[in-house]
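Have a look at the structure below before the remarks.
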Number of protein chains: 2
Amino acid sequence: MTLKDLAQLLGLSPTTVSRALNGFPEVAEATRRRVEAAAAAQGYRPNSQARRLATGRAMAIGHVIPLSTQHEMVNPVFADFIAGASAVYARAGYDMVLIAVADADQTRAYRALRAQGNVDGVIVHGPRAGDPRIALLTDLGLPFVVHGRASGVDLPYAHVDVNSARAFERATRFLLDLGHRRIALVNGLEEMDFALRRRRGYERALVERAIVPDPRLLISGEMTEAQGYDAARRLLARADPPSAFLTSSLLSAMGVRRALWDLGLEMGRDVSILTHDDELGYFRNGAEEPIFTATRASVRIAGRRCAELLLAQIATPGAPPVAELIEAVLVVGASTGPAPGAPP
Amino acid sequence: MTLKDLAQLLGLSPTTVSRALNGFPEVAEATRRRVEAAAAAQGYRPNSQARRLATGRAMAIGHVIPLSTQHEMVNPVFADFIAGASAVYARAGYDMVLIAVADADQTRAYRALRAQGNVDGVIVHGPRAGDPRIALLTDLGLPFVVHGRASGVDLPYAHVDVNSARAFERATRFLLDLGHRRIALVNGLEEMDFALRRRRGYERALVERAIVPDPRLLISGEMTEAQGYDAARRLLARADPPSAFLTSSLLSAMGVRRALWDLGLEMGRDVSILTHDDELGYFRNGAEEPIFTATRASVRIAGRRCAELLLAQIATPGAPPVAELIEAVLVVGASTGPAPGAPP
DNA sequence: CTGTTTTGTCAAAGCGCTTTGAAACGACTG
DNA sequence: CAGTCGTTTCAAAGCGCTTTGACAAAACAG
């Protein structure tokens, strides 16, 4: 069933049918109703390829997910981000196209996307410091929104990010206030911009209290349960072990917790844990009451906002890029307590 | 830069340029080289919408991910599945389109996909017993591959699944051989077909040894850390607690492990845990040596096979549907041991 | 009742590509 | 050297839609 068929069936021209279905004003109300009824009855759906070619709009948003060859892993927050974004796209009639690209091919991939015109815009995932993709996309004139930020990029660009530095600064202060002086940071890969920011926030809070950050308390790596476990085992075996751990993900926090158990230490009493929590749907930090004290910010909401910003940008090409910073909430759970031996 | 532009530039007709670039034989080798060089120099990329309209092929695969409104969560295995599938699509020049659809709209969504023609085929995720989508898609004539199976569907349909029943049967036998008699099953939501199959395998192994499955040892729910924890706390508080837990996911297993710690029980000695492991990239079961004894089958590989089967099906429309069963491997870790008090 | 506007409809062009059918050109055959 | 054939190229049609510009028909004004 094509537009032409439907038009013929109704004794109308394709023009009128098209206009009727697309809500143009210059079509008689009676005709519109007749057309709509026939379309529904016939189960008519405009062919999207044809429509796209005719309008010049792809009605699709690309998500380019970087696949590092070394650690070829799809970020686990991705699923939740997607869930947030897809609802927005669905409502606006956009498709969501996933494009997994090896790190080395990024530039080529974006150029191809632009030239082939199969997306109207892209979401940039996993930005790094000075990420070249921002300049590239700006140059290509392909609308984009970055999930996160890229330090050292001067150009203005649209992005949605959690205020990581602030969150980790507050988290560190919270631990300092509890009397902790040796606080370990179990961070993500510091190639990633968010990890850098988190570190900066952590260091800022320490310096503010005249504590020199100890590089031996800094761990950086893939945020897994094993990472947290290994880090904690290693650091707690030292002569001057940390009394608190600040971790970048719930998984890492769980790893630290396991290490504490192995060592017969009690979480929240002997050693404190404070983690960042992305509020992943399948991985909650306790139901009512949080298990871990955490800085909390929903990745799903970030996904939604990214999508909304991108669609707005596509709708209004001239507008200046919008940036949005999400403040994390510090929720107190059972994993933190006063540093052992600290004055009350 | 359009095909016409490029043709004009070369003093050739669009026809010839098109054929040269698409590898048709009736073009002189010298001309082809000339065209290819010019295309590369100009950075020419055929507009995908136009190509799609002309060829009638969408060059895209749809992944419809069901979003239950109650527990609106994207399955965490999804990210890994995608990673496996996307590599296949990329190599074949296909796009991957994600379509998140509320449960209620499934039928409408598939019909729309078909009528709009924006995908050449779909992967069906999260099949349930007697899943109506299989009949619907067969009826629509839209090529599809199911990730998993749907009990009670008679039609032949292409699918890739782990032999869950067999895996859980073997896992249960393994525990029985260690002397365990009360074995709890912490399963996924039993609306899902794979959960049903796992249960069947578990029950089969018990019955085989003349043990009547105790319904009080059956837990079914969202596979989270909290689920495992809650289930274990509840069951271990009983007068007749289980001596072993069989869980459907590493997350649940971790929850059970936490409960053991809370109760001062040692994993692998006082209580055993055996879990299924999807080998998610960001969530490994130990680096060299597995932490948990597990039935292991990679979701990523399932994703890859699904994609390959679907592309093959699209390439050869007449062919009968292919099914593929992946056998899980039973890897022995530190989480299992002889049942306490059992004869050696 | 004529002239002007508004309203509703349509034919035709165009989006950028593929593909069909025909034509031009040498090369080969008898 | 005419006739045939294989090779290479092209003009034109078509994919299914949107959109421009024109045109009747109806509504209004003078």
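These numbers were taken from a predicted model, which means no experiment stands behind them. In what follows, chains are A, B, ... by sequence order, proteins preceding strands, each numbered from 1.
For the segment residues 8-15 of chain A, the set of residues with a heavy atom within less than 4.0 Å of an atom of DNA chain C comprises A:Gly11, A:Leu12, A:Ser13, A:Thr15, in numerical order.
For B:Leu21 and C:dT18, the CG to C1' distance is 12 Å, given to the nearest whole Å. Distance, A:Met1 CE to D:dC17 P: 10 Å, rounded to whole Å. A:Arg32 has its CZ atom 14 Å from the P atom of C:dT7, to the nearest Å. As a whole-Å value, the separation of A:Lys4 NZ from D:dT19 P is 19 Å. Taking atom CZ of residue B:Arg45 and atom P of nucleotide C:dC17, one finds them 13 Å apart after rounding to whole Å. For the pair A:Glu26 CD and D:dA24 P, the interatomic distance rounds to 19 Å; values are reported in whole Å. When rounded to the nearest whole Å, the span between CZ of A:Arg57 and C1' of D:dT19 equals 13 Å. In this entry the distance linking CG of B:Asp5 with C1' of C:dG14 reads 15 Å, nearest Å.
Atoms CZ and OG, from B:Arg128 and B:Ser151 in turn, are 13.0 Å apart once rounded to the nearest 0.5 Å. Put simply, CD1 on A:Ile326 and CG on A:Asp161 are 8.0 Å apart, with the number rounded to the nearest 0.5 Å. To the nearest 0.5 Å, atom CD1 of residue A:Ile134 and atom CG of residue A:Leu155 are 8.0 Å apart.
Judged by closest nucleotide on DNA chain D, B:Pro25 is the one of B:Pro25 and B:Leu53 placed further toward the 5' end. Nearer the 5' end of DNA chain C, as judged by each residue's closest nucleotide, is the contact made by A:Ala50, out of A:Ala50 and B:Ser18.
Ion pair A:Arg19/A:Glu26 flagged as a salt bridge, since at least one NZ, NE, NH1 or NH2 atom sits closer than 4.0 Å to an Asp/Glu carboxylate oxygen. Checked for salt-bridge contact, A:Arg300 and A:Asp80 meet the test: a charged N lies under 4.0 Å from a carboxylate O. Contact check on B:Arg33 versus B:Glu36 returns no salt bridge, with no Lys/Arg side-chain nitrogen under 4.0 Å from an Asp/Glu carboxylate oxygen.
Within the 4.0 Å cut-off from OP1 or OP2 of D:dC10, at least one side-chain nitrogen or oxygen of B:Thr16 is found. Taking 4.0 angstrom as the limit, B:Asn47 places none of its side-chain polar atoms (N or O) nearer than this to OP1 or OP2 of C:dC15. Checking the phosphate oxygens (OP1, OP2) of C:dT9, a side-chain nitrogen or oxygen of A:Thr31 falls inside 4.0 Å. At least one side-chain nitrogen or oxygen of A:Tyr44 sits closer than 4.0 Å to the OP1 or OP2 atom of D:dC17.
Residue B:Ser48 is out of contact with every strand shown, counting any heavy-atom pair closer than 4.0 Å. Across all strands, B:Arg52 comes closer than 4.0 Å to no nucleic acid atom at all (heavy-atom distances).
Around atom CD of B:Gln8, no more than 12 heavy atoms belonging to other residues, nucleotides or ligands sit under 6.0 Å away.
Relative to the side chain of B:Phe24, the nucleotides D:dT18, D:dG14, C:dT19 differ in distance, and C:dT19 lies closest. Of the listed nucleotides (D:dC17, C:dG8, C:dT18), D:dC17 has the atom at the smallest distance from the side chain of A:Leu3. Here the nucleotide nearest the side chain of A:Arg19, chosen from D:dT18, C:dG16, D:dT19, is D:dT19.
Classified by interplanar angle (parallel below 30°, tilted 30° to 60°, perpendicular above 60°), the ring pair A:Phe144/A:Tyr157 is parallel.
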